[in-house]
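Worksheet: the structure to be examined is printed underneath.
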Amino acid sequence: MVAIRTENLTKIYIRKHLFSSKKTNALENLNLEIEDRKVFGLLGLNGSGKTTLLKLLVGLLFPTKGSVYIFEQKFPHLSLLSRIGYLPEFPCFLMYLTASEILHFYGKLYGLSTKEREKKVEETLDLVDLKENRNDRLADFSKGMLERIGMAQVLLHDPELLLLDEPTSGLDPLGIKKMRQTILRLKEEGKTILLSSHFVTEVERVCDQVGILHKGKLKRIIKMRGLKVSLEDLFTETVSEAV
Amino acid sequence: MKKSISLLILILPLLGLSIFAQYQVEKRFEFPLPSIVEVKPSSFIYFWGSLLGLRRVSSDLAWIRLLQYYGTLEGEEEHVHHLHHHQRGEYEELFPMCQEVVRLDPYFHYAYLFGGGTLAFNHQRYDEAIELLQEGIKNNPKFWKFRLYIAAIVYTKTKQYDKVVPLLEEAIRYRDCPEVVKIFLANIYKAKGEYVKAIAIWENILATNRDEWARSAAESHLKEMEIPR
Amino acid sequence: MKKIFAIAEYTVKENIRHKVFYTILLFALVIIISSVLFSMLSGEEETRVILDIGLGAIEIFAFLSAIFAAVGLVLGEMENKSISLILTRPVRRFEYIWGRYSGILSISLFNILLMSSGLLFLLFIKGWSFDFRFLLAVTFIFLKVVIISALAILISLISTSPISSISMTFFLWVLGHVTDHLKYLNHVLLEEGVKITIFLKAIYYLLPNFQYLNIKDYIGYPNPLVGTTIFWQVAYSLAYASVATWLSVLVFSRKEF
């Protein structure tokens, strides 16, 4: 099954000034197919359109042109959102809530019953090692703990498709290793994962397939299995070619 | 786009309902306060207070300013010693200040009673007192005490004290009777030699008034009358 | 409905954990209590002054806390992007707006009830005899807050900075109290020969009308409101507030984050 399919997906930002307007093509005619149960890495420089693509896939942005299908269903569709877990690049929370409260709140938005919610919240907190801090306010959390809460809110409702925007940026080496393990474990569980990154080595280690995005265009899709040359060389080559 | 149109279809009838309801309110109910622009308040505080929907508070502030200007008890004390000898020039602002208070809040009954009573019985400014009370009648046609006061003031003006007494005797029976009126009546009694009744009023003031000044004035009066008593 | 409730619930939680909330509430209670000081200067009209200052304080602080919640929390959430973790879940845009709005109203209701019971207590101590118009005045203060919170949300969705949202909301609050002057203006203009009656009428009906709802300012009026007028007042407030809120939904559903 195809987990994500985009057809001529285009996003143009229009910034209006007093007399003029400035257009930026963030994504141009993107055609992409990602199979389910695979880890797909989006590789690109800063500003290449990775975040834009992910936001289009969760409905935070609306496409200028083209369409998105998720699990063969036209997006946006409310019920699809319960099958997606999204981790923004800089997750920001309602700082006045405690760890368990915020997960309960998100759980309610999925329409989970109290019983289910309690079970899920406990499980997820256990998974990200925050069981001890469940009644602490997020305002008192360290950066690393907030990252873990970020992961917890992705996993809370057991989604089939995970969209992770720069999941390793801002993590310490130990955190990066743990994140890698989590991603591999989720893959084993049969999840589809789309992650964006500008760290070639990270992408290399976990992904089955890598797409190189440059200036809003999908330049190349690489299958990792049986790749003879180093991904880094391939990436720099593609990007400098485009310049 | 389709979504926006369906939202607009929802919004328009609601907008219609809000306009219709507003129209219905206006049809049934005439807004009972004069426009603040017409009132021309003396201070921008009252003006802004009214714009913020704090018109009664503005009127209260104007009222407190009036009381401080008049210095309630100072007036009474003077009155105690030189009955009927006040000069017209004194407290010239009293009348316009009263007018401002009751224009900010036309339903401030006590302000009319106090202003009318003070102007007439302490300062012999009968015409101003009557004008103020007539404004009160215009705004509060059902509040009959204003008519009672006007009658008493008219008789006082023509020095028909025999006719004043029963009117004021009625007035002082109510809780909202300003002290000025009680004192005036007490002084009429005293002038007529009806000391028992005068003493009763002073004693009533002594018993009910919380103000040190009014009480000491009453005490001095009682002391003064002890000899004829 | 469940989701609206969930969003309302966390709005309340967020609010009551904010220091601003307590500061506002505390300040209001201080003002209500200090109205006693003012009342000492007012001669025989003590309870009147306490009542007026008390009702005024209730309204101003309910207004401030509603503005704070609408502008501070909603705009804040959009600026710090924490909203993206809500909208990427199966929540419709209108559920978010109505949830936020009903949360804000619950807090305002709580504030108003708390402050007015404080005021009632004080009035009873001072020997005030209960008047049912007090309840009407308090209810109508709430209706005013119902309208202004809806407008505050709409404004913070349109404008870009908290300061401009707050000043716009404040501006509408003042305008809403002087809508009658538009009639006066129309009258003056007609005498001058300028005829823009329809235009002024449109503005008159589009602006929020707080003047009639401001019962606390004409609480002494001898012919108080009758049942049907009260009914239309309530209908007006609810209809107006839902127009503003659905407009917010309209704006919000086209917003990108």
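Every chain is numbered from 1, with letters handed out A, B, ... down the list of sequences. Remember, it's a predicted structure, so these values are computed and weren't measured experimentally.
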Once you round to the nearest 0.5 Å, how far does CD1 of B:I64 lie from CE of C:M40? 12.0 Å
Counting heavy-atom pairs under 4.5 angstrom with chain C, the leader among B:L12, B:L51, B:V57 is B:L51
Determine which residues belonging to residues 52-67 of chain C lie within contact range of chain B, meaning some heavy atom pair is under 4.5 Å apart, and list them by number or answer 'none'. C:D52, C:I53, C:G56, C:E59, C:I60
Under 4.5 Å from any heavy atom of chain B - which part of C:V49: both
Once you round to the nearest 0.5 Å, how far does CD of C:E45 lie from CH2 of B:W63? 6.5 Å
Under 4.5 Å from any heavy atom of chain C, what part of B:I36 do you find: side chain, backbone, both or neither? both
Would you say CD1 of C:I198 has more than 12 non-hydrogen atoms from neighbouring residues, nucleotides or ligands within 6.0 angstrom? no
Decide yes or no for B:E26 and C:N209: does some side-chain heavy atom of the first lie under 4.5 Å from some side-chain heavy atom of the second? yes
Would you say C:F124 has more than 12 foreign heavy atoms packed within less than 6.0 Å of its CZ? yes
Is there any residue in residues 130-148 of chain C with a non-hydrogen atom under 4.5 Å from a non-hydrogen atom of chain B, and which ones are they? none
Between B:L33 and chain C, which part of the residue has a heavy atom less than 4.5 Å away: side chain, backbone, both or neither? side chain
C:F170, part contacting chain B, at a heavy-atom distance under 4.5 Å: side chain
Hey, what do you get for CZ (C:R93) to CG (B:L7), rounding to the nearest 0.5 Å? 12.5 Å
Rounded to the nearest 0.5 Å, what's the gap from OH on B:Y107 to CG on C:D217? Could you check? 11.5 Å
Residue from B:F31, B:W48, B:Y110 scoring the most non-hydrogen pairs under 4.5 Å with chain C is B:F31
On a heavy-atom basis, the closest approach of B:G53 and C:H177 is CA-CD2, 3.6 Å
Correct closest heavy-atom pair for B:L14 and C:S242 would be CD2-OG, 3.9 Å
Does the side-chain contact (heavy atoms from CB on, under 4.5 Å) test come out yes or no for B:Q22 and C:Y204, once each step is laid out? CA-CA 10 Å; B:Q22 177 63 24; C:Y204 176 78; 3.7 Å; yes
Does any heavy atom of chain B fall under 4.5 Å from the side chain of C:Y212, the backbone, both, or neither of them? both
The salt bridge (charged side-chain N to carboxylate O under 4.0 Å, His left out) partners of B:R65 (sequence neighbours excluded) come to none
Which heavy-atom pair separates C:V174 from B:L52 by the least distance, and what is that distance? CG2-CD2, 3.8 Å
With heavy-atom distances below 4.5 Å as the criterion, would you say the side chains of B:L15 and C:L206 are in contact? yes
Identify which part of B:L17 has an atom lying under 4.5 Å from any heavy atom of chain C, answering side chain, backbone, both or neither. both
Should the pair C:R48 and B:F108 be classed as cation-pi, given the thresholds of under 6.0 Å to the six-membered ring centre and 45° from the axis? yes
Most heavy-atom pairs under 4.5 angstrom with chain C, which of B:K27, B:H109, B:E38, B:K142? B:E38
Spacing of B:L54 atom CG and C:N214 atom CG [to the nearest 0.5 Å]: 7.5 Å
From the list C:Y221, C:Y218, C:Y205, C:F38, the residue making the most non-hydrogen contacts under 4.5 Å with chain B is C:Y221
From CG (B:L10) to CH2 (C:W246), nearest 0.5 Å: 5.5 Å
Please state whether the side chain, the backbone, both or neither of C:L213 comes within less than 4.5 Å of a heavy atom of chain B. neither
Answer key: most heavy-atom pairs under 4.5 Å with chain B among C:V178, C:L250, C:V249 is C:L250
Okay, B:L66 and chain C: the region with an atom under 4.5 Å from a heavy atom over there is neither
Enclosure of B:Y174 OH (heavy-atom neighbours >12, cutoff 6.0 Å): yes
Listed by number, the residues in residues 226-234 of chain C that come under 4.5 Å of chain B (heavy atom to heavy atom) are C:T228, C:T229, C:W232, C:Q233
